[in-house]
K.L.:
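Below you will find the structure I want to go over with you.
Bear in mind that the values here come from a model prediction, so they are computed numbers and not experimental data. The sequence lines fix the lettering, A, B, ..., with proteins before strands; numbering per chain opens at 1.
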Amino acid sequence: MSALAQSDRLDSIRREAQRSLFRARNGIKLAAGTSQPTVGASPKRVVWRRGKARLVRYESDKRTRRPPLVIVWSIVSRSYILDLRPGQSFVEQLLDAGMDVFMLDWGEADAVDAGNTLETYVDNYMPRALERAVEVAESEEVDVLGYCAGGLLSLLCVAGHPELAVRNLAVMATPVDLQHVEGLVKALERRTLELDDLLDANGLVPADVVYRGFATLRPTTDIFKYATLWERLWNDEFVEGYQAMGEWIRDQTPMPGGVARQLVDLLRSNRLAAKGEMPLGDRSVSLEDITCPVLNVLAENDHMVPPPASEALRPWVGSEDFTELRIPAGHIGLAAGRDAAKITIPRIVEWLNERSS
Amino acid sequence: MTQFKQPKPGRPWWRPLVDGIDRAVTPPANEFVRSNLFADTVSMITRLEVRLRRSAERQSTWMLHLWNLPAAEDIRRMRAQLAAMEARLRDISERLEDQQLEAERERERRVERPTTDDRARSA
């Protein structure tokens with residue numbers, strides 16, 4: 001064996017030995033749960049509250065762009081996925097692009113919120129939160145970016161409240177045609193399962209049911225991800241990211257029964273996809289009344305909200321400026337993965353900048 | 001037949017094996033959980049679990065009430081009433097808040113644009 005080959009072999013052995021040590025250390029930390037990563041750490045302050053809903057504004061000395069952007073989060077799951085860790089943060093990237101970023105988060109529903117309906121969010125919370133963002137940012141208008149169910153709320157709010165000064169509306173992985181959503185939703189659509197079978201004693205769809213509803217769509221993920229974890233357990237950066245993502249996946253929030261009931265009705269009637277409208281409060285809200293520019297971001301490998309569920313928005317929006325952006329990512333990867341940093345966020349920023357002052 | 005590829009440099013020897021199994025198992029598993037059979041099976045198990053739970057609760061409620069003791073159902077009802085009351089209070093306080101905010105905005109608007117009456121009074 002040549003000297004070079006011997007040296008390479010020694011390096012390889014040394015590297016493997018070192019990795020084994022790191023693997024053992026990180027394995028013990030993971031098993032003991034002694035080092036939890038800090039998530040959602042970008043500095044922010046609460047500028048508005050109502051019920052469990054809160055609007056936060058992210059601190060930044062790089063604000064150059066108007067109008068401000070309000071991210072409307074989903075009713076289930078935690079918004080910190082968009083600000084997972086430094087260097088892996090959707091919010092951070094928007095701030096770096098000069099945006100004035102707000103986040104509208106709905107908190108964790110409890111028994112008091114069981115009776116909340118879509119009207120609670122669309123007619124009560126959202127208009128007030130958007131007005132507050134305009135006030136705090138000293139702007140005249142606001143851009144809105146809704147994610148998943150937050151996108152649905154954003155569509156209904158903008159359609160149902162033409163008086164709101166929304167300049168641009170972007171929605172990501174938003175289910176408009178619920179009949180394309182898989183899993184437990186199919187059982188509800190076919191009426192082999194009723195919502196009352198899923199509600200807990202507080203009148204909520206439990207967080208655990210929400211989590212299992214999504215997890216069953218990729219039944220082998222949990223098994224094979226351990227292989228990747230074992231392979232890269234020596235890598236501190238990977239382990240931290242794994243922990244942070246794992247924490248978020250398990251950290252779902254319950255859904256108010258009132259909202260769930262309306263979504264089941266919407267699923268069975270499919271009115272929004274078939275007619276572009278749905279009853280809300282004492283009126284019918286029509287997507288045709290959305291006349292501001294609209295960006296519809298779809299994840300091509302989305303197993304939770306498959307592309308056809310989001311594509312259904314296209315025929316109904318009244319806006320003449322409608323853009324559909326397809327990203328080769330999954331539901332979560334759309335906003336929190338490598339593709340988010342390289343593709344999704346720069347394209348959204350570009351689209352918004354083309355339509356801002 | 002599933003192809004087991006050679007590991008890339010730096011990757012462990014077992015990785016191609018695991019990836020091969022993943023490629024073989026995952027697509028049919030994903031297809032199965034999207035089938036009506038799976039949805040119907042989950043529904044049936046869920047309904048059965050709910051039925052058994054409710055039956056057990058009915059039995060235990062009857063026994064507890066025999067001894068004049070509160071059952072889970074009674075506590076649940078009370079919690080639901082409390083939650084409804086708290087929701088109503090929240091609703092009322094939100095309306096008050098809105099009225100106060102509207103009154104404040106009206107005052108600010110008056111300060112910026114005095115009405116004809118205000119001007120006459122000050123003259």
K.L.:
Which region of A/Tyr125, side chain (C-beta onward) or backbone (N, CA, C, O), has a non-hydrogen atom less than 4.5 Å from a non-hydrogen atom of chain B, or is it both or neither?
P.N.:
side chain
K.L.:
How about CD on A/Glu300, more than 12 heavy atoms from neighbouring residues, nucleotides or ligands closer than 6.0 Å, or not?
P.N.:
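Yes - once you tally the heavy atoms of other residues, nucleotides and ligands closer than 6.0 Å, there are more than 12.
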K.L.:
How close do B/Glu94 and A/Gly51 get, counting heavy atoms only, and between which atoms?
P.N.:
OE2-N, 4.0 Å
K.L.:
Answer yes or no: are there more than 12 heavy-atom neighbours, outside A/Glu138 itself, under 6.0 Å from its atom CD?
P.N.:
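Count not over threshold, so no.
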K.L.:
Does CD in B/Glu106 sit with more than 12 non-hydrogen atoms of other residues, nucleotides or ligands closer than 6.0 Å?
P.N.:
yes
K.L.:
Atom CG in B/Asn30, atom CD in A/Glu182: separation rounded to 0.5 Å?
P.N.:
10.0 Å
K.L.:
Answer with side chain, backbone, both or neither: which region of A/Arg232 has an atom nearer than 4.5 Å to a non-hydrogen atom of chain B?
P.N.:
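A/Arg232 has no heavy atom closer than 4.5 Å to chain B.
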K.L.:
Step through the shown structure and confirm whether more than 12 heavy atoms of other residues, nucleotides or ligands are within 6.0 Å of CZ on A/Arg25.
P.N.:
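Yes - once you tally the heavy atoms of other residues, nucleotides and ligands closer than 6.0 Å, there are more than 12.
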K.L.:
Below 4.5 Å from any heavy atom of chain A, which atoms of B/Thr26 appear? Answer side chain, backbone, both or neither.
P.N.:
both
K.L.:
Starting at CD1 of B/Ile21, measure out to OG1 of A/Thr220 and round the result to the nearest 0.5 Å.
P.N.:
11.5 Å
K.L.:
Distance alone, cut at 3.5 Å: any donor-acceptor contact between the side chains of A/Thr216 and B/Arg34?
P.N.:
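Not at all, the side chains of A/Thr216 and B/Arg34 share no donor-acceptor pair under 3.5 Å.
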K.L.:
Could you tell me which portion of B/Arg51 (side chain, backbone, both or neither) has an atom closer than 4.5 angstrom to a non-hydrogen atom of chain A?
P.N.:
neither
K.L.:
In terms of heavy-atom proximity below 4.5 Å to chain B, should A/Leu198 be classed as side chain, backbone, both, or neither?
P.N.:
side chain
K.L.:
Could you tell me which portion of B/Ala80 (side chain, backbone, both or neither) has an atom closer than 4.5 angstrom to a non-hydrogen atom of chain A?
P.N.:
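Contact with chain A is absent: no heavy atom of B/Ala80 under 4.5 Å.
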K.L.:
Out of A/Ala114, A/Ala187, A/Gly203, return the one with the most heavy atom pairs under 4.5 angstrom to chain B.
P.N.:
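The candidate making the most pairs under 4.5 Å is A/Ala187.
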K.L.:
Any chance you could measure A/Glu131, atom CD, to B/Arg105, atom CZ, to the nearest 0.5 Å?
P.N.:
5.5 Å
K.L.:
With a 4.5 Å cut-off on heavy-atom pairs, point out which of A/Asp197, A/Asn202, A/Asp113 contacts chain B the most.
P.N.:
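Of the candidates given, the most pairs with chain B belong to A/Asp197.
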K.L.:
Taking all heavy atoms of B/Arg54 and all of A/Asp196, pick out the closest pair and write down the distance.
P.N.:
NH2-O, 3.6 Å
K.L.:
Between A/Asn116, A/Thr221, A/Val185, which residue shows the highest count of heavy-atom pairs closer than 4.5 Å to chain B?
P.N.:
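Option with the greatest count: A/Asn116.
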K.L.:
Within the supplied structure, the quantity of interest is the number of heavy atoms (other residues, nucleotides, ligands) at a distance under 6.0 Å from B/Arg47 CZ; does it exceed 12?
P.N.:
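Counting other residues, nucleotides and ligands, CZ of B/Arg47 exceeds 12 neighbours.
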K.L.:
Show your reasoning for whether salt bridge (Lys or Arg N to Asp or Glu O under 4.0 Å) applies to A/Asp110 and B/Arg79.
P.N.:
CA-CA 11 Å; A/Asp110 60 22; B/Arg79 278 169 62 182; over 6 Å; no
K.L.:
Answer yes or no: are there more than 12 heavy-atom neighbours, outside B/Arg53 itself, under 6.0 Å from its atom CZ?
P.N.:
yes
K.L.:
Heavy-atom distances under 4.5 Å only: say whether B/Phe38 touches chain A with side chain, backbone, both or neither.
P.N.:
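For B/Phe38, the contact with chain A is made by the side chain alone.
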K.L.:
Is it the case that more than 12 heavy atoms not belonging to A/Glu140 sit under 6.0 Å from its CD atom?
P.N.:
no
K.L.:
May I ask you to name which of B/Leu82, B/Asp40, B/Val50, B/Leu101 has the most heavy-atom pairs under 4.5 Å with chain A?
P.N.:
B/Asp40
K.L.:
Within this structure, what is the CG-OG1 distance for the pair B/Asp91 and A/Thr120, rounded to the nearest 0.5 Å?
P.N.:
9.0 Å
K.L.:
Between A/Thr228 and chain B, which part of the residue has a heavy atom less than 4.5 Å away: side chain, backbone, both or neither?
P.N.:
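It is both, since atoms from each part get that close.
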K.L.:
From A/Leu193 CG over to B/Met44 CE, what is the distance, rounded to the nearest 0.5 angstrom?
P.N.:
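With rounding to 0.5 Å, CG (A/Leu193) is 12.0 Å from CE (B/Met44).
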K.L.:
Are the side chains of A/Lys186 and B/Val42 in touch, meaning some heavy atoms are under 4.5 Å apart?
P.N.:
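SC-SC contact between A/Lys186 and B/Val42 ruled out.
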K.L.:
If you look at every heavy atom in B/Ala39 and A/Thr192, which pair is closest and at what distance?
P.N.:
O-OG1, 4.5 Å
K.L.:
To the nearest 0.5 Å, what is the distance between CZ (B/Arg15) and CH2 (A/Trp230)?
P.N.:
13.5 Å
